[in-house]
Amino acid sequence: MSSLSSVDPQIAELVRAEERRQADTVKLIASENYVSKAVLEATGTVLTNKYSEGYASKRYYEGQQVIDQIETLAIERAKALFGVNHANVQPYSGSPANLAIYMAFLNPGDTVMGMGLPFGGHLTHGWSVSATGKWFTPVRYGVRKDTGRVDMDEVREIALRERPKLIFCGGTAIPRTIDFPAFAEIAREVGAVLAADIAHIAGLVAGGAHPSPVGHADVISTTTHKTLRGPRGAMLMATSDEHATALNKAVFPGLQGGPHNHTTAAIAVALKEAATDEFRAYARQVVVNAQALAEELSSRGFDLVSGGTDNHLILFDLTPKGIGGKPAAQALDRAGLETNYNTVPFDPRKPFDPSGIRIGTAGVTSRGMGVTEMRQIGAWIDQVVTALAKGEDEAEHVIGRVHAEVLELTSQFPAPGL
Ligand SMILES: Cc1ncc(COP(=O)(O)O)c(C=O)c1O
């Protein structure tokens with residue numbers, strides 16, 4: 001970073017500080033990961049200088065000899081990795097990608113059905129504060145109180161009653177396998193377009209550690225920066241020409257201008273990495289690690305939503321521990337364990353001060369940690385939470401001790417790209 005250091009030492013120092021923070025912290029945020037050095041390098045290239053509105057061989061600016069090849073490579077890799085006929089790699093991020101699905105298939109006011117935010121759905125699946133909830137008519141499904149899982153009979157009932165034009169499956173805090181065939185059957189029955197939002201689990205799908213929505217969902221949306229371990233970006237995929245054409249038009253010119261070519265190149269690199277045996281082993285280990293961490297927490301009396309996990313994500317309710325999710329997440333952060341506070345299904349508390357915490361194992365697995373480390377992390381979470389429930393003085397002492405142990409662990413598992 002020699003140029004950055006001389007031009008803007010303030011920003012250079014802050015980037016270094018963030019790099020140190022990432023190196024020294026156990027990243028348990030379920031939506032984050034560490035990209036490889038190759039992906040990082042691709043994001044920092046001269047491709048950022050180029051405007052490329054349109055699609056390969058049909059652009060509105062000259063000078064696309066190289067960019068067309070890069071975008072085509074990214075598309076071909078996405079198609080091969082996920083087994084789809086069409087891919088669009090231009091959406092700026094997951095939210096604009098989802099908005100493009102509305103633009104492609106709905107008119108303002110039409111009905112969209114998605115999982116409610118408090119149950120694990122994403123804002124863009126029709127939640128009230130999102131444009132998707134304001135400009136369309138949202139109907140929601142949730143999970144059963146007794147199982148913490150989606151009840152497909154209830155989904156069918158709501159769909160038959162409300163007749164949505166678009167159904168979203170997938171979400172942002174779902175610890176269990178998404179039943180794509182069952183959603184597809186319901187969508188077919190009511191004549192809705194089925195969109196599978198695999199933002200969280202794309203890496204697991206690519207690595208064979210979660211069933212694929214291909215062959216079930218009409219369109220697939222994903223971010224590229226979570227379990228897929230690419231740059232911040234998104235993709236839309238489809239099997240039929242008709243759906244693909246509608247999605248392409250919605251992305252450009254419907255919603256976006258020029259694609260971020262440096263991101264496209266980094267997505268291509270991440271897709272190449274995700275097509276390796278090494279990545280498949282990584283995806284499997286992410287799940288093994290999440291299940292080991294879930295077991296550890298469960299054995300220590302934590303109340304896990306749905307009782308465990310099938311993927312990379314664990315959601316737990318801290319009510320039985322006598323504290324809220326927010327103070328617990330803040331205390332864990334001071335101990336070097338980075339999580340986020342989260343609502344749990346049927347949460348009586350407010351979203352900014354909810355009852356739960358969401359964690360995931362994509363980042364720690366990228367650092368090479370395994371089951372032994374997961375058990376240790378589970379023990380640390382328990383120690384900090386239990387101490388916090390007893391009071392701040394007790395907590396400070398435990399947080400200090402755990403933080404020292406976290407630094408010892410992170411020094412043994414260097415993060416990729418740092
Ligand atoms: C399921 C799901 N869809 C969409 C998004 C939106 O992605 P972005 O934050 O890149 O807009 C997220 C982000 O967390 C997500 O979890």
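All values below come from the heavy atoms of this structure, side chains included, with hydrogens, waters and symmetry mates left out. In listed order, ligands and their atoms are each counted from 1. All values derive from a computational prediction rather than experimental measurement.
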Enumerated ligand 1 atoms positioned under 4.0 Å from heavy atoms of N98: 3 (N), 4 (C)
Is the centre of the F183 ring less than 6.0 Å from the centre of the F180 ring? no
Look at the side chain of T45 and the backbone N and O of E41, then say whether any donor-acceptor pair between them is shorter than 3.5 Å. no
Looking at R367 and A23, what are the two nearest heavy atoms and their distance? NH2-O, 2.6 Å
Flag S95 as yes when one of its N or O atoms lies below 3.5 Å from any N or O atom of ligand 1, and as no otherwise. yes
At under 4.0 Å between heavy atoms, is it the side chain or the backbone of S31 that contacts ligand 1, or both, or neither? neither
Answer yes if the side chains of H125 and D197 hold a donor-acceptor pair under 3.5 Å, and no otherwise. yes
Centres of the Y141 and F168 rings: under 6.0 Å? no
Which ligand 1 atoms does H200 reach within 4.0 Å, using its non-hydrogen atoms? 16 (O)
Verify the neighbour count for atom CZ of R232: are there more than 12 heavy atoms of other residues, nucleotides or ligands below 6.0 Å? no
Going by heavy-atom distance to atom 13 (C) of ligand 1, choose the closest among R232, H225, K226. K226
Contact check, G171 vs ligand 1, heavy-atom distance below 4.0 Å: yes
Which of the numbered atoms in ligand 1 are under 4.0 angstrom from any heavy atom belonging to G94? 6 (C), 7 (O), 8 (P), 10 (O), 11 (O)
Ligand 1 atoms nearer than 4.0 angstrom to some heavy atom of D197 are 1 (C), 2 (C), 3 (N), 4 (C)
Identify the protein heavy atom lying closest to atom 10 (O) of ligand 1, giving its residue, its atom name and the separation to 0.1 Å. S93 OG, 2.4 Å
Could you point out which residue of H312, K226, H122 forms a side-chain hydrogen bond (donor to acceptor under 3.5 Å, both in side chains) with H200? H312
Identify, by atom number and element, the atoms of ligand 1 in contact range of T223, meaning under 4.0 Å from any of its heavy atoms. 7 (O), 10 (O)
Of the protein's non-hydrogen atoms, which lies at the shortest distance from atom 16 (O) of ligand 1, and what is that distance? T172 OG1, 2.8 Å
Please check: side-chain N/O of H86 versus main-chain N/O of H243, any donor-acceptor pairing under 3.5 Å? no
Numbering the atoms of ligand 1 from 1, which are under 4.0 Å from a heavy atom of A199? 1 (C), 2 (C), 3 (N), 15 (C)
Is a side-chain donor or acceptor of D353 paired with a backbone partner of K350 at a separation under 3.5 angstrom? no
Of the protein's non-hydrogen atoms, which lies at the shortest distance from atom 5 (C) of ligand 1, and what is that distance? H122 NE2, 3.3 Å
